[in-house]
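Worksheet: one structure, shown below.
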Amino acid sequence: MSRARITLDRDFTLGEVPRRIFGSFVEHMGRCVYTGIYEPGHPAADENGYRRDVLDLVGELGPTVVRYPGGNFVSGYNWEDGVGPVEQRPRRLDGAWHTIETNAFGLHEFVGWAKLANVEIMEAINLGTRGVDAARELVEYANHPGGTLLSDRRRANGAEEPFDIKLWCLGNELDGPWQIGGKTAYEYGRLAQEAAKAMRYVDPTIELIAVGSSNSGMPTFGEWERTVLTHTYDEIDYISMHAYYQEEDGDVASFLATAIDTDYFIESVVATADAVKAVGRHKRQVNVSFDEWNVWYQKGLDTPDQPTKVAASWREHPRLIEDRYNVTDAVVVGTLLNSILRHGDRVKIANQAQLVNVIAPIRSEEGGPAWRQTIFWPFARMSEHARGQILRPAVHSDRIDTAKFGDADVVDASATWDEEHGRVAVFLGHRGLEESAEVEVTLRGLTASRIAQAEVLDVPEGRDRFTANTEEEQPVGLRPLDGVTADGGTVRLTLPPLSWAVVLIEVAVA
Ligand code: AHR
(Lines give C-alpha, C1' and ligand atoms only; values in the text may rest on other atoms or scores of the structure.)
Protein backbone atom coordinates (compact mmCIF):
# COMPACT_ATOMS: atom_id res chain seq x y z
CA MET A 1 0.00 0.00 0.00
CA SER A 2 1.31 3.46 -0.94
CA ARG A 3 0.49 6.57 1.05
CA ALA A 4 -0.17 10.23 0.33
CA ARG A 5 -1.10 13.16 2.55
CA ILE A 6 -2.68 16.21 0.95
CA THR A 7 -3.28 19.46 2.81
CA LEU A 8 -5.76 22.00 1.48
CA ASP A 9 -5.95 25.38 3.19
CA ARG A 10 -8.79 27.72 2.35
CA ASP A 11 -6.35 30.65 2.50
CA PHE A 12 -3.88 29.10 0.04
CA THR A 13 -5.63 29.87 -3.20
CA LEU A 14 -4.44 30.74 -6.69
CA GLY A 15 -7.52 32.70 -7.75
CA GLU A 16 -10.73 31.88 -9.54
CA VAL A 17 -10.80 28.80 -11.81
CA PRO A 18 -10.43 30.20 -15.36
CA ARG A 19 -13.26 28.30 -16.99
CA ARG A 20 -11.62 28.63 -20.39
CA ILE A 21 -9.06 26.00 -19.36
CA PHE A 22 -11.72 23.43 -20.20
CA GLY A 23 -11.45 24.18 -23.89
CA SER A 24 -11.42 21.91 -26.91
CA PHE A 25 -10.47 22.09 -30.55
CA VAL A 26 -12.23 21.45 -33.86
CA GLU A 27 -9.91 21.36 -36.87
CA HIS A 28 -10.71 20.68 -40.49
CA MET A 29 -8.68 17.52 -40.20
CA GLY A 30 -9.59 13.90 -40.77
CA ARG A 31 -13.11 13.29 -39.48
CA CYS A 32 -13.37 15.95 -36.79
CA VAL A 33 -15.74 18.20 -38.76
CA TYR A 34 -17.09 15.93 -41.51
CA THR A 35 -18.74 12.81 -40.01
CA GLY A 36 -17.71 14.14 -36.58
CA ILE A 37 -19.72 17.19 -35.59
CA TYR A 38 -21.33 17.53 -39.04
CA GLU A 39 -22.89 14.81 -41.17
CA PRO A 40 -25.97 15.73 -43.19
CA GLY A 41 -28.03 12.63 -43.78
CA HIS A 42 -26.95 10.86 -40.59
CA PRO A 43 -30.01 9.53 -38.72
CA ALA A 44 -29.12 11.73 -35.73
CA ALA A 45 -28.39 14.85 -37.78
CA ASP A 46 -30.68 17.86 -37.53
CA GLU A 47 -31.89 19.94 -40.48
CA ASN A 48 -28.52 21.74 -40.58
CA GLY A 49 -26.46 18.56 -40.62
CA TYR A 50 -25.23 18.82 -37.02
CA ARG A 51 -25.01 15.42 -35.39
CA ARG A 52 -27.24 15.59 -32.32
CA ASP A 53 -25.80 12.41 -30.86
CA VAL A 54 -22.33 14.00 -30.93
CA LEU A 55 -23.74 17.27 -29.58
CA ASP A 56 -25.25 15.38 -26.63
CA LEU A 57 -21.83 13.94 -25.81
CA VAL A 58 -20.22 17.36 -26.21
CA GLY A 59 -22.77 18.68 -23.70
CA GLU A 60 -21.75 15.96 -21.25
CA LEU A 61 -18.05 16.57 -21.83
CA GLY A 62 -18.53 20.25 -21.02
CA PRO A 63 -15.97 22.19 -23.07
CA THR A 64 -16.27 25.93 -22.48
CA VAL A 65 -14.44 27.25 -25.54
CA VAL A 66 -13.58 25.61 -28.88
CA ARG A 67 -10.67 26.59 -31.14
CA TYR A 68 -11.38 26.55 -34.89
CA PRO A 69 -10.57 25.89 -37.82
CA GLY A 70 -6.98 24.67 -37.19
CA GLY A 71 -4.32 23.65 -36.48
CA ASN A 72 -1.97 23.14 -39.37
CA PHE A 73 -5.00 23.43 -41.64
CA VAL A 74 -5.43 27.12 -40.95
CA SER A 75 -2.00 28.04 -42.30
CA GLY A 76 -3.19 27.37 -45.87
CA TYR A 77 -6.86 28.31 -45.42
CA ASN A 78 -8.79 31.14 -47.05
CA TRP A 79 -11.64 31.97 -44.71
CA GLU A 80 -13.63 33.40 -47.63
CA ASP A 81 -13.87 29.88 -49.13
CA GLY A 82 -16.09 28.84 -46.22
CA VAL A 83 -18.76 31.56 -46.45
CA GLY A 84 -21.55 32.27 -48.92
CA PRO A 85 -23.79 29.85 -50.79
CA VAL A 86 -22.50 26.33 -50.23
CA GLU A 87 -22.88 25.30 -53.88
CA GLN A 88 -20.54 28.11 -54.89
CA ARG A 89 -17.79 27.28 -52.41
CA PRO A 90 -14.57 25.95 -53.94
CA ARG A 91 -13.12 22.49 -53.48
CA ARG A 92 -9.50 22.95 -52.43
CA LEU A 93 -6.38 20.93 -51.78
CA ASP A 94 -5.51 21.09 -48.09
CA GLY A 95 -1.74 20.67 -48.19
CA ALA A 96 -1.40 20.30 -44.42
CA TRP A 97 -3.29 17.00 -44.34
CA HIS A 98 -3.27 16.00 -48.04
CA THR A 99 -7.04 16.15 -48.04
CA ILE A 100 -9.73 17.55 -50.32
CA GLU A 101 -11.56 20.32 -48.46
CA THR A 102 -15.07 20.78 -49.83
CA ASN A 103 -15.77 23.89 -47.74
CA ALA A 104 -19.31 22.63 -47.13
CA PHE A 105 -18.65 23.61 -43.53
CA GLY A 106 -17.29 27.07 -42.75
CA LEU A 107 -17.56 29.98 -40.35
CA HIS A 108 -21.37 30.33 -40.31
CA GLU A 109 -21.81 26.59 -39.81
CA PHE A 110 -19.31 26.63 -36.96
CA VAL A 111 -21.00 29.60 -35.29
CA GLY A 112 -24.34 27.75 -35.54
CA TRP A 113 -22.81 24.62 -34.05
CA ALA A 114 -21.10 26.57 -31.24
CA LYS A 115 -24.44 28.08 -30.22
CA LEU A 116 -25.99 24.64 -29.94
CA ALA A 117 -22.95 23.34 -28.06
CA ASN A 118 -23.01 26.39 -25.78
CA VAL A 119 -19.30 27.09 -26.25
CA GLU A 120 -17.29 30.22 -26.85
CA ILE A 121 -15.50 30.45 -30.20
CA MET A 122 -11.73 30.81 -30.42
CA GLU A 123 -10.97 31.65 -34.05
CA ALA A 124 -7.54 31.13 -35.59
CA ILE A 125 -6.38 33.24 -38.51
CA ASN A 126 -4.01 32.23 -41.28
CA LEU A 127 -0.59 33.80 -40.77
CA GLY A 128 1.12 31.10 -42.85
CA THR A 129 0.19 32.02 -46.41
CA ARG A 130 -1.74 35.20 -45.60
CA GLY A 131 -1.27 38.32 -43.54
CA VAL A 132 -2.54 41.59 -42.12
CA ASP A 133 -5.23 42.24 -44.71
CA ALA A 134 -7.00 38.88 -44.52
CA ALA A 135 -6.80 39.04 -40.71
CA ARG A 136 -8.46 42.42 -40.36
CA GLU A 137 -11.03 41.56 -43.02
CA LEU A 138 -12.09 38.45 -41.15
CA VAL A 139 -12.57 40.49 -37.95
CA GLU A 140 -14.67 42.98 -39.91
CA TYR A 141 -16.73 40.19 -41.45
CA ALA A 142 -17.29 38.48 -38.12
CA ASN A 143 -17.60 41.31 -35.62
CA HIS A 144 -18.61 44.57 -37.30
CA PRO A 145 -22.35 45.24 -36.96
CA GLY A 146 -23.00 46.40 -40.55
CA GLY A 147 -22.81 49.17 -43.12
CA THR A 148 -19.46 48.11 -44.62
CA LEU A 149 -18.61 45.78 -47.47
CA LEU A 150 -17.62 42.79 -45.36
CA SER A 151 -20.09 43.15 -42.51
CA ASP A 152 -22.89 43.52 -45.08
CA ARG A 153 -21.60 40.39 -46.81
CA ARG A 154 -22.04 38.51 -43.54
CA ARG A 155 -25.58 39.86 -43.24
CA ALA A 156 -26.33 38.89 -46.84
CA ASN A 157 -25.03 35.43 -45.97
CA GLY A 158 -27.70 35.10 -43.32
CA ALA A 159 -26.17 36.47 -40.11
CA GLU A 160 -27.76 39.80 -39.31
CA GLU A 161 -26.07 40.03 -35.91
CA PRO A 162 -22.28 40.10 -35.59
CA PHE A 163 -20.66 36.91 -34.32
CA ASP A 164 -18.82 38.94 -31.68
CA ILE A 165 -15.86 36.56 -31.49
CA LYS A 166 -13.58 37.65 -28.66
CA LEU A 167 -10.69 35.17 -28.78
CA TRP A 168 -8.34 35.11 -31.77
CA CYS A 169 -5.23 33.00 -32.39
CA LEU A 170 -2.61 34.79 -34.48
CA GLY A 171 -1.79 31.73 -36.58
CA ASN A 172 -0.70 28.24 -35.61
CA GLU A 173 2.68 26.56 -34.88
CA LEU A 174 4.61 28.88 -37.17
CA ASP A 175 7.87 27.80 -35.51
CA GLY A 176 7.42 24.33 -37.06
CA PRO A 177 9.24 23.40 -40.29
CA TRP A 178 6.14 21.36 -41.20
CA GLN A 179 3.92 24.44 -41.12
CA ILE A 180 2.74 25.93 -44.42
CA GLY A 181 4.35 29.36 -44.43
CA GLY A 182 6.53 28.64 -41.37
CA LYS A 183 8.62 31.55 -40.16
CA THR A 184 11.58 32.58 -38.07
CA ALA A 185 10.73 34.12 -34.71
CA TYR A 186 11.58 37.58 -36.04
CA GLU A 187 9.44 37.17 -39.17
CA TYR A 188 6.52 35.86 -37.17
CA GLY A 189 6.89 38.36 -34.33
CA ARG A 190 6.71 41.34 -36.69
CA LEU A 191 3.82 39.88 -38.70
CA ALA A 192 1.84 39.02 -35.58
CA GLN A 193 2.46 42.50 -34.18
CA GLU A 194 1.09 44.18 -37.30
CA ALA A 195 -1.81 41.77 -37.72
CA ALA A 196 -2.78 42.29 -34.07
CA LYS A 197 -2.74 46.07 -34.44
CA ALA A 198 -4.88 45.98 -37.57
CA MET A 199 -7.36 43.52 -36.04
CA ARG A 200 -7.70 45.69 -32.93
CA TYR A 201 -8.28 48.77 -35.08
CA VAL A 202 -11.37 46.97 -36.38
CA ASP A 203 -12.51 45.66 -32.98
CA PRO A 204 -10.67 46.91 -29.87
CA THR A 205 -12.50 44.43 -27.61
CA ILE A 206 -10.85 41.27 -28.95
CA GLU A 207 -8.27 39.18 -27.07
CA LEU A 208 -5.23 37.96 -28.97
CA ILE A 209 -3.00 34.93 -28.67
CA ALA A 210 0.49 34.90 -30.16
CA VAL A 211 1.99 31.61 -31.33
CA GLY A 212 4.46 30.08 -28.90
CA SER A 213 6.46 26.88 -29.35
CA SER A 214 4.94 23.75 -30.88
CA ASN A 215 6.50 21.76 -28.06
CA SER A 216 9.20 22.21 -25.45
CA GLY A 217 11.60 20.04 -27.50
CA MET A 218 11.72 22.51 -30.39
CA PRO A 219 15.29 23.75 -30.95
CA THR A 220 14.00 27.34 -30.85
CA PHE A 221 11.97 26.88 -27.63
CA GLY A 222 12.56 29.81 -25.26
CA GLU A 223 14.26 32.02 -27.81
CA TRP A 224 11.13 31.86 -29.98
CA GLU A 225 8.93 33.10 -27.12
CA ARG A 226 11.44 35.81 -26.17
CA THR A 227 11.68 37.20 -29.70
CA VAL A 228 7.97 36.93 -30.48
CA LEU A 229 6.97 38.56 -27.19
CA THR A 230 9.54 41.31 -27.59
CA HIS A 231 7.70 42.38 -30.76
CA THR A 232 4.13 41.65 -29.73
CA TYR A 233 3.99 42.23 -25.96
CA ASP A 234 1.91 45.42 -26.14
CA GLU A 235 -0.50 44.02 -28.71
CA ILE A 236 -1.40 40.60 -27.36
CA ASP A 237 -2.88 38.98 -24.25
CA TYR A 238 -1.63 35.39 -24.34
CA ILE A 239 1.27 33.33 -25.63
CA SER A 240 0.39 29.81 -26.75
CA MET A 241 2.01 26.46 -26.00
CA HIS A 242 1.31 23.01 -27.44
CA ALA A 243 2.26 19.59 -26.06
CA TYR A 244 1.44 16.00 -26.99
CA TYR A 245 2.60 12.98 -25.03
CA GLN A 246 2.67 9.23 -25.42
CA GLU A 247 4.00 6.10 -23.78
CA GLU A 248 7.35 5.28 -25.37
CA ASP A 249 9.33 2.03 -25.37
CA GLY A 250 7.14 0.54 -22.65
CA ASP A 251 8.29 3.19 -20.13
CA VAL A 252 4.93 3.49 -18.43
CA ALA A 253 6.34 5.10 -15.26
CA SER A 254 7.66 8.11 -17.19
CA PHE A 255 4.46 8.33 -19.21
CA LEU A 256 2.37 8.41 -16.04
CA ALA A 257 4.59 11.19 -14.69
CA THR A 258 4.20 13.32 -17.84
CA ALA A 259 2.56 16.15 -15.88
CA ILE A 260 6.02 16.94 -14.50
CA ASP A 261 7.03 17.92 -18.03
CA THR A 262 3.84 19.97 -18.39
CA ASP A 263 4.62 21.79 -15.12
CA TYR A 264 8.12 22.56 -16.40
CA PHE A 265 6.87 23.71 -19.82
CA ILE A 266 4.22 26.04 -18.37
CA GLU A 267 6.61 27.51 -15.81
CA SER A 268 9.26 28.11 -18.49
CA VAL A 269 6.82 29.95 -20.77
CA VAL A 270 5.57 32.05 -17.84
CA ALA A 271 9.17 32.88 -16.83
CA THR A 272 10.03 33.94 -20.39
CA ALA A 273 6.92 36.13 -20.65
CA ASP A 274 7.73 37.76 -17.33
CA ALA A 275 11.35 38.36 -18.36
CA VAL A 276 10.15 40.17 -21.50
CA LYS A 277 7.75 42.14 -19.33
CA ALA A 278 10.57 43.25 -17.04
CA VAL A 279 13.00 44.12 -19.82
CA GLY A 280 10.34 46.06 -21.72
CA ARG A 281 9.08 47.84 -18.56
CA HIS A 282 5.57 46.63 -19.42
CA LYS A 283 2.77 46.97 -16.89
CA ARG A 284 0.35 44.36 -18.28
CA GLN A 285 0.79 40.65 -17.73
CA VAL A 286 0.76 38.25 -20.67
CA ASN A 287 -0.76 34.89 -19.74
CA VAL A 288 -0.62 31.43 -21.29
CA SER A 289 -3.01 29.80 -23.74
CA PHE A 290 -2.21 26.07 -23.73
CA ASP A 291 -4.23 25.67 -26.88
CA GLU A 292 -3.28 22.14 -27.93
CA TRP A 293 -2.58 19.35 -25.47
CA ASN A 294 -3.33 15.66 -25.23
CA VAL A 295 -2.00 12.13 -25.44
CA TRP A 296 -1.15 11.38 -29.09
CA TYR A 297 0.57 8.21 -30.30
CA GLN A 298 2.71 9.90 -32.93
CA LYS A 299 5.21 7.06 -32.84
CA GLY A 300 4.21 3.42 -33.07
CA LEU A 301 0.78 1.84 -32.70
CA ASP A 302 0.04 2.40 -36.39
CA THR A 303 -2.27 -0.44 -37.29
CA PRO A 304 -5.04 -0.59 -39.91
CA ASP A 305 -7.74 -0.37 -37.24
CA GLN A 306 -5.94 2.41 -35.39
CA PRO A 307 -4.38 4.71 -37.98
CA THR A 308 -2.13 7.12 -36.15
CA LYS A 309 -0.19 8.42 -39.15
CA VAL A 310 -1.10 10.86 -41.85
CA ALA A 311 -2.09 8.42 -44.57
CA ALA A 312 -4.41 10.64 -46.54
CA SER A 313 -4.09 11.14 -50.25
CA TRP A 314 -6.38 13.80 -51.66
CA ARG A 315 -9.56 12.28 -50.32
CA GLU A 316 -12.39 13.97 -48.46
CA HIS A 317 -12.29 13.58 -44.66
CA PRO A 318 -10.04 10.48 -44.49
CA ARG A 319 -9.44 8.71 -41.19
CA LEU A 320 -6.52 10.50 -39.54
CA ILE A 321 -4.93 9.95 -36.12
CA GLU A 322 -7.99 8.27 -34.62
CA ASP A 323 -6.10 7.17 -31.53
CA ARG A 324 -7.90 4.68 -29.34
CA TYR A 325 -7.33 5.60 -25.69
CA ASN A 326 -6.86 3.17 -22.85
CA VAL A 327 -6.99 3.32 -19.05
CA THR A 328 -3.38 4.52 -18.75
CA ASP A 329 -4.07 7.38 -21.18
CA ALA A 330 -7.10 8.45 -19.12
CA VAL A 331 -5.00 8.64 -15.93
CA VAL A 332 -2.37 10.69 -17.76
CA VAL A 333 -5.02 13.04 -19.16
CA GLY A 334 -6.38 13.49 -15.62
CA THR A 335 -2.93 14.46 -14.36
CA LEU A 336 -2.36 16.84 -17.29
CA LEU A 337 -5.61 18.56 -16.33
CA ASN A 338 -4.33 18.68 -12.74
CA SER A 339 -1.18 20.42 -13.94
CA ILE A 340 -3.20 22.95 -15.95
CA LEU A 341 -5.52 23.66 -13.01
CA ARG A 342 -2.58 24.02 -10.60
CA HIS A 343 -1.24 26.73 -12.92
CA GLY A 344 -4.60 28.46 -13.33
CA ASP A 345 -3.12 31.70 -12.05
CA ARG A 346 -1.27 31.98 -15.41
CA VAL A 347 -2.79 29.43 -17.77
CA LYS A 348 -6.06 31.12 -18.64
CA ILE A 349 -7.03 29.09 -21.71
CA ALA A 350 -6.36 25.43 -22.52
CA ASN A 351 -7.73 23.28 -25.34
CA GLN A 352 -7.62 19.55 -25.43
CA ALA A 353 -6.91 18.54 -29.04
CA GLN A 354 -9.21 17.59 -30.58
CA LEU A 355 -12.96 17.14 -29.91
CA VAL A 356 -14.22 14.32 -32.16
CA ASN A 357 -12.43 11.41 -33.88
CA VAL A 358 -9.03 13.11 -34.29
CA ILE A 359 -7.10 12.31 -31.05
CA ALA A 360 -10.39 12.94 -29.33
CA PRO A 361 -12.48 12.12 -26.25
CA ILE A 362 -15.49 11.49 -28.52
CA ARG A 363 -15.58 9.03 -31.41
CA SER A 364 -18.21 8.70 -34.11
CA GLU A 365 -18.75 6.54 -37.16
CA GLU A 366 -20.16 7.67 -40.47
CA GLY A 367 -23.80 6.64 -40.45
CA GLY A 368 -23.12 4.90 -37.13
CA PRO A 369 -22.91 5.55 -33.40
CA ALA A 370 -20.93 7.97 -31.29
CA TRP A 371 -19.24 6.99 -28.02
CA ARG A 372 -16.99 8.17 -25.20
CA GLN A 373 -13.30 7.29 -25.17
CA THR A 374 -11.59 6.66 -21.82
CA ILE A 375 -10.11 10.18 -21.72
CA PHE A 376 -13.63 11.63 -21.84
CA TRP A 377 -14.17 11.04 -18.13
CA PRO A 378 -11.51 13.12 -16.34
CA PHE A 379 -12.26 16.05 -18.63
CA ALA A 380 -16.01 15.81 -18.13
CA ARG A 381 -15.81 15.63 -14.36
CA MET A 382 -13.19 18.35 -13.99
CA SER A 383 -15.08 20.69 -16.29
CA GLU A 384 -18.20 20.05 -14.24
CA HIS A 385 -16.76 20.32 -10.76
CA ALA A 386 -13.68 22.61 -10.87
CA ARG A 387 -15.45 25.74 -9.65
CA GLY A 388 -14.65 28.70 -7.45
CA GLN A 389 -11.14 29.11 -6.11
CA ILE A 390 -8.16 26.97 -7.08
CA LEU A 391 -6.62 25.52 -3.92
CA ARG A 392 -2.86 25.02 -3.81
CA PRO A 393 -2.42 21.43 -2.59
CA ALA A 394 0.54 20.54 -0.39
CA VAL A 395 1.22 16.92 -1.35
CA HIS A 396 3.44 14.56 0.67
CA SER A 397 3.37 11.34 -1.24
CA ASP A 398 5.31 8.12 -1.63
CA ARG A 399 7.45 8.37 -4.71
CA ILE A 400 7.97 6.25 -7.80
CA ASP A 401 11.10 6.12 -9.95
CA THR A 402 10.87 7.29 -13.51
CA ALA A 403 13.58 7.16 -16.17
CA LYS A 404 12.73 10.58 -17.60
CA PHE A 405 11.86 12.69 -14.56
CA GLY A 406 13.61 11.13 -11.56
CA ASP A 407 11.22 10.30 -8.76
CA ALA A 408 7.61 11.45 -8.89
CA ASP A 409 4.68 11.57 -6.47
CA VAL A 410 2.68 8.38 -6.72
CA VAL A 411 -0.48 10.45 -6.16
CA ASP A 412 -1.01 13.62 -8.17
CA ALA A 413 -3.64 16.13 -7.05
CA SER A 414 -5.47 19.33 -7.75
CA ALA A 415 -8.39 20.89 -5.90
CA THR A 416 -10.93 23.70 -5.95
CA TRP A 417 -13.15 25.33 -3.35
CA ASP A 418 -16.57 26.54 -4.40
CA GLU A 419 -17.50 28.80 -1.50
CA GLU A 420 -20.95 29.61 -2.88
CA HIS A 421 -22.04 25.97 -2.93
CA GLY A 422 -19.93 24.89 0.06
CA ARG A 423 -17.93 22.30 -1.89
CA VAL A 424 -14.34 21.24 -2.20
CA ALA A 425 -13.53 19.14 -5.28
CA VAL A 426 -10.37 17.01 -5.20
CA PHE A 427 -9.02 15.43 -8.40
CA LEU A 428 -6.55 12.59 -7.95
CA GLY A 429 -4.36 10.61 -10.31
CA HIS A 430 -2.77 7.43 -8.95
CA ARG A 431 0.37 6.37 -10.82
CA GLY A 432 1.04 3.14 -8.94
CA LEU A 433 0.51 0.07 -11.11
CA GLU A 434 0.42 -2.67 -8.48
CA GLU A 435 -0.63 -1.38 -5.08
CA SER A 436 -3.54 0.69 -3.85
CA ALA A 437 -2.85 4.11 -2.31
CA GLU A 438 -4.20 5.37 0.99
CA VAL A 439 -4.89 9.08 0.74
CA GLU A 440 -5.53 11.43 3.65
CA VAL A 441 -6.82 14.90 2.80
CA THR A 442 -6.50 17.44 5.61
CA LEU A 443 -8.66 20.54 5.34
CA ARG A 444 -7.54 23.73 7.03
CA GLY A 445 -10.03 26.53 7.63
CA LEU A 446 -12.79 24.24 6.39
CA THR A 447 -14.69 21.34 7.93
CA ALA A 448 -16.09 18.46 5.96
CA SER A 449 -19.67 17.53 6.66
CA ARG A 450 -20.33 14.92 4.01
CA ILE A 451 -18.95 13.27 0.89
CA ALA A 452 -21.31 14.41 -1.84
CA GLN A 453 -19.80 12.29 -4.62
CA ALA A 454 -16.78 10.02 -5.10
CA GLU A 455 -16.02 8.29 -8.38
CA VAL A 456 -13.06 6.44 -9.80
CA LEU A 457 -11.85 5.29 -13.21
CA ASP A 458 -9.57 2.27 -13.08
CA VAL A 459 -8.81 -1.00 -14.85
CA PRO A 460 -12.08 -2.96 -15.21
CA GLU A 461 -12.09 -6.30 -13.43
CA GLY A 462 -10.40 -9.04 -15.43
CA ARG A 463 -8.91 -6.59 -17.93
CA ASP A 464 -5.55 -4.83 -18.21
CA ARG A 465 -4.35 -1.25 -18.37
CA PHE A 466 -4.57 -1.23 -22.18
CA THR A 467 -8.34 -1.67 -22.07
CA ALA A 468 -10.03 0.86 -24.35
CA ASN A 469 -13.55 1.83 -25.30
CA THR A 470 -14.52 0.85 -28.83
CA GLU A 471 -17.60 1.00 -31.01
CA GLU A 472 -18.51 -2.50 -29.81
CA GLU A 473 -17.97 -2.02 -26.08
CA GLN A 474 -17.15 0.73 -23.61
CA PRO A 475 -15.92 -1.03 -20.48
CA VAL A 476 -13.91 1.94 -19.14
CA GLY A 477 -15.85 4.55 -17.22
CA LEU A 478 -16.46 5.87 -13.75
CA ARG A 479 -17.74 3.79 -10.87
CA PRO A 480 -18.50 4.82 -7.28
CA LEU A 481 -15.41 5.02 -5.08
CA ASP A 482 -16.55 3.30 -1.91
CA GLY A 483 -15.23 3.79 1.59
CA VAL A 484 -14.49 7.53 1.47
CA THR A 485 -14.88 8.99 4.97
CA ALA A 486 -15.15 12.56 6.17
CA ASP A 487 -14.40 13.37 9.78
CA GLY A 488 -14.21 17.08 10.53
CA GLY A 489 -11.02 18.26 8.94
CA THR A 490 -9.94 14.91 7.52
CA VAL A 491 -11.08 12.93 4.51
CA ARG A 492 -9.73 9.42 3.96
CA LEU A 493 -9.93 7.26 0.88
CA THR A 494 -8.20 4.43 -0.92
CA LEU A 495 -7.35 4.63 -4.60
CA PRO A 496 -7.08 1.41 -6.60
CA PRO A 497 -3.93 0.88 -8.68
CA LEU A 498 -3.66 3.01 -11.80
CA SER A 499 -6.69 5.20 -11.32
CA TRP A 500 -8.16 8.65 -11.58
CA ALA A 501 -10.72 9.85 -9.05
CA VAL A 502 -12.92 12.81 -8.19
CA VAL A 503 -14.13 13.46 -4.64
CA LEU A 504 -16.66 16.18 -3.82
CA ILE A 505 -16.70 17.20 -0.18
CA GLU A 506 -19.42 19.32 1.39
CA VAL A 507 -17.65 21.86 3.58
CA ALA A 508 -18.33 24.73 5.93
CA VAL A 509 -15.94 27.51 6.82
CA ALA A 510 -14.30 26.58 10.14
O1 AHR B 1 -3.98 18.51 -33.49
C2 AHR B 1 -3.28 17.96 -34.56
C3 AHR B 1 -2.19 18.89 -35.08
O4 AHR B 1 -1.18 18.96 -34.13
C5 AHR B 1 -2.56 20.34 -35.32
O6 AHR B 1 -3.10 20.56 -36.59
C7 AHR B 1 -1.25 21.04 -35.20
O8 AHR B 1 -1.40 22.37 -34.77
C9 AHR B 1 -0.45 20.17 -34.24
O10 AHR B 1 0.81 19.92 -34.70
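Indexing begins at 1, ligand by ligand and atom by atom, following the structure's order. On a predicted model such as this, the values are computed, not experimentally measured, just so you know.
The salt bridge (Lys or Arg N to Asp or Glu O under 4.0 Å) check on Arg154 picks up nothing, with sequence neighbours excluded. Gln474 pairs by the side-chain contact (heavy atoms from CB on, under 4.5 Å) definition with Trp371, Asn469, not counting sequence neighbours. Thr402 meets the side-chain contact (heavy atoms from CB on, under 4.5 Å) test with Ala253, Ser254, Ala257, Phe405, Ala408; sequence neighbours excluded.
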What are the atom names and distances for all N or O pairs under 3.5 Å between ligand 1 and the protein?
unit_1   : atom_1 : unit_2 : atom_2 : d
ligand 1 : 1 (O)  : Tyr244 : OH     : 2.8
ligand 1 : 1 (O)  : Glu292 : OE1    : 3.4
ligand 1 : 1 (O)  : Gln354 : NE2    : 3.0
ligand 1 : 4 (O)  : Glu292 : OE1    : 3.2
ligand 1 : 6 (O)  : Glu27  : OE1    : 2.6
ligand 1 : 6 (O)  : Glu27  : OE2    : 3.1
ligand 1 : 6 (O)  : Asn72  : N      : 2.9
ligand 1 : 8 (O)  : Asn72  : OD1    : 3.4
ligand 1 : 8 (O)  : Asn172 : OD1    : 3.3
ligand 1 : 8 (O)  : Asn172 : ND2    : 3.0
ligand 1 : 8 (O)  : Glu173 : OE1    : 3.4
ligand 1 : 8 (O)  : Glu173 : OE2    : 3.4
ligand 1 : 8 (O)  : Glu292 : OE1    : 3.2
ligand 1 : 8 (O)  : Glu292 : OE2    : 2.7
ligand 1 : 10 (O) : Glu173 : OE1    : 2.7
ligand 1 : 10 (O) : Glu173 : OE2    : 3.2

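Not one N or O on the side chain of Glu137 forms a donor-acceptor pair closer than 3.5 Å with the backbone of Leu150.
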| request: Could you walk me through whether Trp79 and Tyr141 pass ring pair (Phe, Tyr, Trp, His ring centres under 6.0 Å), step by step? | output: CA-CA 10 Å; Trp79 66 265; Tyr141 184 92; 5.1 Å; yes
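Between Pro69 and Ala124 the shortest heavy-atom distance is CD-O, 3.6 Å.
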